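Worksheet: the structure to be examined is printed underneath.
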Amino acid sequence: MTGVTGRVEAAERGQTRIADRVVAKIAAQAAKEAVDERPEAAPAPRATVTVHRDTARVRISLDLAYPCDIGRQCGTVRRRVAERVEALAGMEVPEVAVQVERLHTAAGTAPEGSIR
């Protein structure tokens, strides 16, 4: 503590630790924002994270509308999640794994080549 200002020096204050579940909520919301069109029946994206010091590894599970460019959608989700976690939690995000759980077709349509 300094005698002049009465404040505790930065090195003596300690650190703030952001809980894994908070990082997971940030990641899930970012994934939701990144998807072009979310199917009506689809659940919200789910995120699991592993945090070690100032680094977060993220796994996102989501459903997508079909037809869509799956590769582009997954790339967009990866970038958005990494950007938001870095900006809001101050963590490096070297890995964002995106797992597509289901593809949902519009009502009454089926993917080409599928059996009705």
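Remember, predicted model here, so these are calculated numbers, not experimental data.
The local environment of CZ in Arg38 is crowded, with over 12 non-hydrogen atoms from other residues, nucleotides or ligands closer than 6.0 Å. Within 6.0 Å of atom CG in Asp54, 12 or fewer heavy atoms from other residues, nucleotides or ligands are found, so the atom counts as exposed in its surroundings. Heavy-atom neighbours of Arg72 CZ from other residues, nucleotides or ligands within 6.0 Å: above the threshold of 12. Within 6.0 Å of atom CD in Glu37, 12 or fewer heavy atoms from other residues, nucleotides or ligands are found, so the atom counts as exposed in its surroundings.
Within the 4.5 Å cutoff, side-chain heavy atoms of Val100 are placed close to those of Leu62. A 4.5 Å side-chain heavy-atom check between Arg80 and Glu33 finds at least one atom pair inside the cut-off. In this structure, the side chains of Lys32 and Val35 stay at 4.5 Å or more apart for every pair of heavy atoms. Between Ile26 and Val49 there is no side-chain heavy-atom pair separated by less than 4.5 Å.
Each of Ile60, Val98, Val96 was compared with Cys74 under the side-chain contact (heavy atoms from CB on, under 4.5 Å) criterion, and only Val98 meets it.
Considering CZ of Arg53 and CZ of Arg17, their distance stands at 12.5 Å, rounded to 0.5 Å. Considering CG of Leu64 and CD of Glu101, their distance stands at 10.5 Å, rounded to 0.5 Å. Note that the OG1 atom of Thr76 and the CG atom of Asp36 stand 6.5 Å from one another [nearest 0.5 Å]. Atoms CZ and CE, on Arg57 and Met91 in that order, are 13.0 Å from each other to the nearest 0.5 Å.
Judged by distance alone, with hydrogens and angles left aside, the side-chain atoms of Arg46 form a donor-acceptor pair with the main-chain N or O of Ala44 at under 3.5 Å.
Listed here is the closest heavy atom pair of Ile18 and Ala89: CD1-O, 3.3 Å.
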